[in-house]
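Naming convention: chains lettered A, B, ... in sequence-line order (proteins, then strands); numbering from 1 in each chain. Values below: every heavy atom of this structure, side chains too, minus hydrogens, waters and symmetry copies. Predicted, not measured: the structure shown is a model, and the values here were computed from it.
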Amino acid sequence: MRAATWTGVNEVSVETVPDPTILNDHDVILKVSRTTTCGSDLHLLGGYIPFMRAGDVLGHEFMGEVVEVGRGVRDRRIGDRVVVNSFIACGKCWYCTQELYSLCDNGNPNPGITEALWGQSPGGCFGYSHAMGGWAGSHAEYIRVPYADVGAFVVPEGVSDERALFASDAVSTGWMGADLAGTKPGDVVAVWGAGGVGQMAARAAMLLGAERVYVIDRLPERLAQVREHVGAEAIDYSRTDVLAELREVTGGRGPDVCIEAVGMEAHSLGVQGAYDQVKQQLRLQTDRPSAVREAILACRKGGSVFVLGVYAQMVDKFPLGALMNKGLTVRGAQVHGQRYMPRILDHMARGELTTEHLATHVMPLEDAARGYRVFKDKADGCVRSVFLPNG
Amino acid sequence: MAVPRILDSLRRAATEAGGALLGRLQHVRLPGVGQSSSADDPETAARRWRAVTVLRSPEQIGTGADLPAPLAALGDRVEVRVTPAPGDRGAELAARYRDLPSDDDLRALRSALREAKQLIEVGEVLRVDPAPHGTRKATPQGAVLEGATARAGGEGVL
Ligand SMILES: NC(=O)c1ccc[n+]([C@@H]2O[C@H](COP(=O)([O-])OP(=O)(O)OC[C@H]3O[C@@H](n4cnc5c(N)ncnc54)[C@H](O)[C@@H]3O)[C@@H](O)[C@H]2O)c1
Ligand SMILES: [Zn+2]
Ligand SMILES: [Zn+2]
């Protein structure tokens, strides 16, 4: 089959690779209909997560049709149209029973790397390096999905492929951030990053009852999407002092909930930006945390900060004093998508959650290298490139 | 002829180094890196109980020959201890060697504990290989990572 692979730092190729086969009883094989780029892939492409091997198949946000089922699969059937969560979870371990699916004990067959890095290993993720399990990704004609009864959700009839695709990762991640940060009716919520994840965190916060939601970015086309498709307010950090603006619109309190959806390649202006870039390049810090810093400083006393952006290891100049003295709750996670996907698909069916606008660039899989280039450069208004491996 | 052979042996060395590197990372003690907080002498470290928590009652884990096959296969060389975990977390399944184990022995024990847990909780051991992939260029970094992943099921802090 054809598949888009990582072939070196910022290099993507489309190659012929072997077809996947069922290896475990709980597997299904999916014929991929849609698969999309995610901001997380940029951290991989750029070599910030150095556990990729040349030839690894990329992609973790996808949907398709079940074409083969393993002996132990109970609920999924051949022909089902399903959207699959990006994290691989068994559904049986203690973490899964607590609905902390991305922490599944049984989803990463290579836990040695992440244990050595972090002390414990989270679960596995499709197409996300050998640290996260070495699972082949979804930018391919077919993909093997382990624990399919747990991670593959049938798409309701009224929901189009175009909309359902993003339930896989962008929406479930955004929803998790808004939910686990404790968003309540009446809250003011601020979201850093207007990519697919940030926009969906903002929409989720609104559906969870937030009274006002602000999204911070600098790319005009993304800020326009925030106003038009999400219905939240947009703040351009390249033109305004974000901390001052947030104080002004919250009566001096600061937002109740601050959600960071930017990640370890955060961009920042002036001295802070230069400092972080140099330290990251010298490997004195592995991650650039400017949005997390700002979220902690902006948050109201006793408020809650959720880190959705992906970080690999260490950061510098972390405002621990503000965190402690303001009594903040800080939490982060990879996506516990299985917990939210049924509810998300319901909201999609009712038209309360729309995602089609994120797919600014839709193309055949053969064009994956170009798709990643525009997505990485944020060129031509690209928010997400979507590939169609089977036409 | 000679050049490919040299490259090949370099690559083998890199693969070996990758595995060894991963084994070493868990004993590093820089602030924020590595997983060791105080210096156990190598023998104490090797003899520690290694444990996984399994979401089952202790009676459902089995003993002796009834233990899940990967653990039972280690036979009398290891002692096994099963105790209830606090709260609703199931059972703590721990094992250690009776004699002084080699690094390979320890890798075998880590893998056995992880596999035993999976067999009990989900009924099978998750496999990732063979996974579809494209051309693997023969680079030293690739070989280091290959070494690290090949061993990753038997490494880690367990
Ligand atoms: N936790 C999870 O499970 C999970 C899942 C998916 C994605 N992610 C992570 O979420 C992050 C966002 O993903 P995405 O797909 O939306 O990525 P993206 O690259 O499309 O969007 C990131 C946005 O952040 C903006 N940005 C950069 N610096 C900023 C700053 N200092 N302040 C405000 N905005 C800034 C960029 O302009 C861009 O629009 C990434 O780090 C990704 O790895 C996490
Ligand atoms: Zn993602
Ligand atoms: Zn699990």
Side-chain angles (χ1 to χ4, degrees), chain A residues 1 3-8 13-21 23-26 50-57 72 88 90-94 96-97 105-121 124 129-131 133-136 140 142-144 146-147 313-314, chain B residues 19 21-28 30-35 52-56 85 87-90 107 110-111 114-115 117-139 141-146 148-158:
Chain A
M1 65 172 181
T5 59
W6 184 86
T7 45
S13 305
V14 179
E15 306 180 67
T16 299
V17 309
D19 285 353
T21 53
L23 296 178
N24 283 106
D25 288 352
H26 299 100
F51 297 101
M52 291 295 282
R53 291 196 62 198
D56 283 345
V57 181
I88 295 164
C90 77
K92 301 276 173 56
C93 70
W94 184 81
C96 285
T97 61
D105 275 340
N106 300 315
N108 182 350
N110 297 328
I113 298 174
T114 41
E115 278 188 15
L117 286 174
W118 302 324
Q120 277 82 22
S121 172
S129 89
H130 294 269
W135 298 102
Y142 296 91
I143 185 170
R144 168 184 166 223
Y147 303 130
Q313 188 72 354
M314 280 181 297
Chain B
L21 198 71
L22 189 58
R24 209 125 327 122
L25 193 55
Q26 61 219 40
H27 303 297
V28 170
L30 286 173
V33 192
Q35 296 302 330
V52 290
T53 301
V54 186
L55 193 53
R56 280 291 187 288
D88 57 358
R89 288 170 181 74
R107 274 194 282 278
R110 292 190 194 99
S111 295
R114 288 176 178 140
E115 289 178 7
K117 171 179 160 77
Q118 282 186 34
L119 285 168
I120 299 168
E121 288 186 338
V122 294
E124 58 180 339
V125 175
L126 194 60
R127 287 179 56 193
V128 68
D129 290 320
H133 66 76
T135 319
R136 301 259 195 242
K137 275 180 263 171
T139 62
Q141 299 96 302
V144 169
L145 188 51
E146 181 180 13
T149 20
R151 289 225 190 131
E155 288 291 353
V157 295
L158 179 60

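Between B:K117 and A:N106 there is a side-chain heavy-atom pair separated by less than 4.5 Å. Under the 4.5 Å side-chain criterion, counting only non-hydrogen atoms from C-beta, A:H26 is in contact with B:E124. In this structure, the side chains of B:L126 and A:Y147 come closer than 4.5 Å at one or more pairs of heavy atoms.
Taking B:D129 as the reference, nothing meets the side chain to side chain donor-acceptor pair (under 3.5 Å) condition, with sequence neighbours excluded. Applying the side-chain contact (heavy atoms from CB on, under 4.5 Å) rule to B:T135 yields the partners A:E15; only residues at least two apart in sequence or on another chain are considered.
Heavy atoms closer than 4.5 Å to chain B are found nowhere in A:Y142, neither backbone nor side chain. Only the side chain of A:M1 comes within less than 4.5 Å of a heavy atom of chain B; its backbone N, CA, C and O stay farther away. Heavy atoms closer than 4.5 Å to chain B are found in both the backbone and the side chain of A:P109. For a residue to count as touching a neighbouring chain, one of its non-hydrogen atoms must lie under 4.5 Å from one of that chain's; by this rule B:V54 does not touch chain A. Neither the backbone nor the side chain of A:S121 comes within less than 4.5 Å of any heavy atom of chain B.
Rounded to the nearest 0.5 angstrom, A:C93 SG and B:I120 CD1 are separated by 13.5 Å. Once rounded to the nearest 0.5 Å, the distance linking CZ of B:R136 with CZ of A:R53 reads 4.5 Å.
Using a 4.0 Å cut-off between a side-chain N of Lys or Arg and a carboxylate O of Asp or Glu, A:D105 and B:R114 do not qualify as a salt bridge.
Residues B:V128 and A:W135 approach most closely at CG2-CE3, 3.6 Å, considering heavy atoms. Residues B:R89 and A:W94 share a closest heavy-atom pair of CG-NE1, 3.5 Å. The shortest heavy-atom contact between A:E115 and B:E155 is OE1-O, 4.3 Å. Taking every heavy atom of both residues into account, B:K137 and A:T7 meet most closely at NZ-O, 2.9 Å.
In this structure a side-chain-to-backbone donor-acceptor pair under 3.5 Å is missing from B:E121 to A:K92.
Annotation: maximal heavy-atom pairing with chain B below 4.5 Å, among A:A131, A:A136, A:P146, occurs at A:A136. Taking A:N24, A:V17, A:N110 one by one and counting their heavy-atom pairs under 4.5 Å with chain B, the maximum is reached by A:N24.
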